[in-house]
Amino acid sequence: MNIVKRVNTVEGNEIRLIKIEGAKNSKNILITGVFHGEEPQGEYLISKYLKENLSNIKNNVYFIPCLNPDGKSVNKRQNANGIDLNRNFPTKNWRRVETPEYFGGTMAGSEIETKFMIDILNEYKFNAILSIHAPFKIVNYDGPAAGLADKISELTGYKVQADIGYPTPGSFGNYAGVERNIPVITLELDENDSNEHLYEICKKVFDYLTFEF
């Protein structure tokens with residue numbers, strides 16, 4: 001396990017990309033948590049998984065435990081600049097949204113956290129991406145990920161929902177899944193479930209992506 005990339009936020013908190021080395025010529029998987037600061041479950045789940053005695057890994061798995069540490073520190077959706085990172089990516093459908101909760105900035109790709117993700121996608125060729133969110137208890141997907149979504153639905157017991165139900169201009173799913181053709185799963189966890197039970201569920205998904213996919 002190695003930290004292969006890191007960056008500091010405007011408030012000096014570190015964002016880390018951690019790699020677990022797989023077999024030669026294996027797939028590259030990205031698992032990321034805490035796009036939104038009030039959805040902290042991903043950091044707990046990833047950090048706990050990284051403490052497991054993982055051996056005989058099939059795939060190269062990259063983890064970002066917490067993409068938005070500034071927002072997490074104050075339990076807010078947005079980053080320190082008041083921007084929803086999941087509306088800040090330079091997609092074809094990006095537009096300025098004035099609603100404070102979903103404000104994607106005055107220009108696309110403006111944030112340190114967003115640039116960090118874009119740099120990672122430019123540097124590594126990912127075969128699948130899992131982004132952990134809350135609270136809808138569904139498996140949402142973008143790009144060529146329908147089959148993977150069905151498998152994760154089977155593992156979690158959550159239903160597949162291709163459309164989240166409202167517009168998401170500048171979202172990571174649009175950027176990486178639709179426009180870059182990477183299978184992207186947005187796993188929306190049940191916010192009322194305990195972290196311990198969520199780990200039982202998500203460990204199955206992590207294991208599948210690490211050892212079988």
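In this pair, Tyr62 and Tyr124 present their aromatic rings tilted. The plane angle is within the 30 to 60° band.
The two residues Ala108 and Pro90 have their closest heavy-atom pair at CB-CA, 3.6 Å. Closest of all the heavy-atom pairs between Tyr141 and Ile185 is CB-CD1, 3.8 Å. Considering every non-hydrogen atom in both Ile120 and Lys5, the closest pair reads CG1-CD, 3.9 Å. Of all heavy-atom pairs spanning Gly170 and Asn93, the tightest one is N-OD1, 3.2 Å.
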Identify every side-chain donor-acceptor pair in residues 126-137 under 3.5 Å, counting partners at least two apart or on other chains, and give the distances.
{"unit_1": "Asn127", "atom_1": "OD1", "unit_2": "Asn28", "atom_2": "N", "d": "2.8"}
{"unit_1": "Ser131", "atom_1": "OG", "unit_2": "His133", "atom_2": "NE2", "d": "3.1"}
{"unit_1": "His133", "atom_1": "ND1", "unit_2": "Glu39", "atom_2": "OE1", "d": "3.2"}

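Counting heavy atoms from C-beta on, the side chains of Pro40 and Tyr44 never come closer than 4.5 Å. Side-chain contact between Ile18 and Val4: absent, with no pair of heavy atoms (C-beta onward) separated by less than 4.5 Å. Residues Asp84 and Glu101 are not in side-chain contact: their nearest non-hydrogen atoms beyond the backbone lie 4.5 Å or more apart. With contacts defined as side-chain heavy-atom distances shorter than 4.5 Å, the pair Leu17/Leu30 qualifies. A 4.5 Å side-chain heavy-atom check between Pro69 and Val34 finds every atom pair outside the cut-off. Side chains of Leu189 and Cys202 form a contact here, defined as non-hydrogen atoms less than 4.5 Å apart. Looking at heavy atoms from C-beta onward, Phe89 lies out of side-chain contact with Ser171 at the 4.5 angstrom threshold. Put simply, the side chain of Leu209 does not reach to within 4.5 Å of the side chain of Lys151, judged on heavy atoms.
A donor and an acceptor atom, one from each side chain of Arg87 and Asn174, are nowhere located under 3.5 Å apart. Remark: the Asn79 side chain and the Glu113 side chain contain an N/O donor-acceptor pair separated by less than 3.5 Å. When only modelled atom types and interatomic distance are considered, Asn59 and Ser26 share no side-chain donor-acceptor pair under 3.5 Å. With no hydrogens or angles considered, no side-chain donor-acceptor pair links His36 and Asn86 at under 3.5 Å. No hydrogens or angles considered: a donor-acceptor pair under 3.5 Å links the side chains of Tyr49 and Asp207.
Counting heavy atoms of neighbouring residues, nucleotides and ligands inside a 6.0 Å radius, atom NZ of Lys76 does not exceed 12 of them. Residue Arg180 qualifies as enclosed at atom CZ: its count of foreign heavy atoms under 6.0 Å is above 12. The neighbour count for Asn122 CG, taken as heavy atoms of other residues, nucleotides or ligands under 6.0 Å away, is above 12.
Note that the OG atom of Ser153 and the CG atom of Leu148 stand 11.0 Å from one another [nearest 0.5 Å]. Rounded to the nearest 0.5 Å, atoms CZ (Arg6) and CZ (Arg16) are 8.0 Å apart. The distance from the OG1 atom of Thr114 to the CG atom of Asn88 is 3.5 Å, given to the nearest 0.5 Å. The distance from the CG atom of Asp163 to the CD1 atom of Ile138 is 9.0 Å, given to the nearest 0.5 Å. For the atom pair Ile112 CD1 and Leu85 CG, the distance stands at 10.5 Å (nearest 0.5 Å).
Although no hydrogens or angles enter the test, the distance criterion places a donor-acceptor pair under 3.5 Å between the side chain of Asn140 and the main chain of Gln161. Of the possible donor and acceptor atoms, none in the side chain of Ser110 sits under 3.5 Å from a partner among the backbone N and O of Gly105. With Asp190 contributing its side chain and Asn192 its backbone, the two residues share a donor-acceptor pair below 3.5 Å. Formation of a donor-acceptor pair under 3.5 Å by the Asn81 side chain with backbone atoms of Ile83 is not found in this model. One N or O on the side chain of Ser194 and one on the backbone of His197 form a donor-acceptor pair closer than 3.5 Å. Side-chain atoms of Asn68 come within 3.5 Å of backbone N or O of Phe35 as a donor-acceptor pair. A donor-acceptor pair under 3.5 Å is absent between the side-chain atoms of Gln78 and the main chain of Gly104, judged by distance alone.
Lys72 and Glu43 are joined by a salt bridge, as a carboxylate oxygen and a charged side-chain nitrogen come within less than 4.0 angstrom of each other. Taking a cutoff of 4.0 Å between a charged side-chain nitrogen and a carboxylate oxygen, Lys19 and Glu21 qualify as a salt bridge.
Annotation: side chain to side chain contact (heavy atoms under 4.5 Å, CB included) contacts of Val97 (sequence neighbours excluded): Arg95, Thr99, Tyr102, Pro169. Scanning for ring-ring contact (aromatic ring centres under 6.0 Å, His included) contacts around Phe63 gives an empty result, with sequence neighbours left out.
There is no path of hydrophobic side-chain contacts, each under 4.5 Å, that joins Val184 to Tyr158. Ile201 is connected to Ile29 through a chain of hydrophobic side-chain contacts under 4.5 Å among Ile, Leu, Val, Met, Phe, Trp and Tyr, so both are in one cluster.
At least one cation-pi condition fails for Lys58 and Phe211: the charged atom is not both under 6.0 angstrom from the six-membered ring centre and inside a 45 degree cone around its axis.
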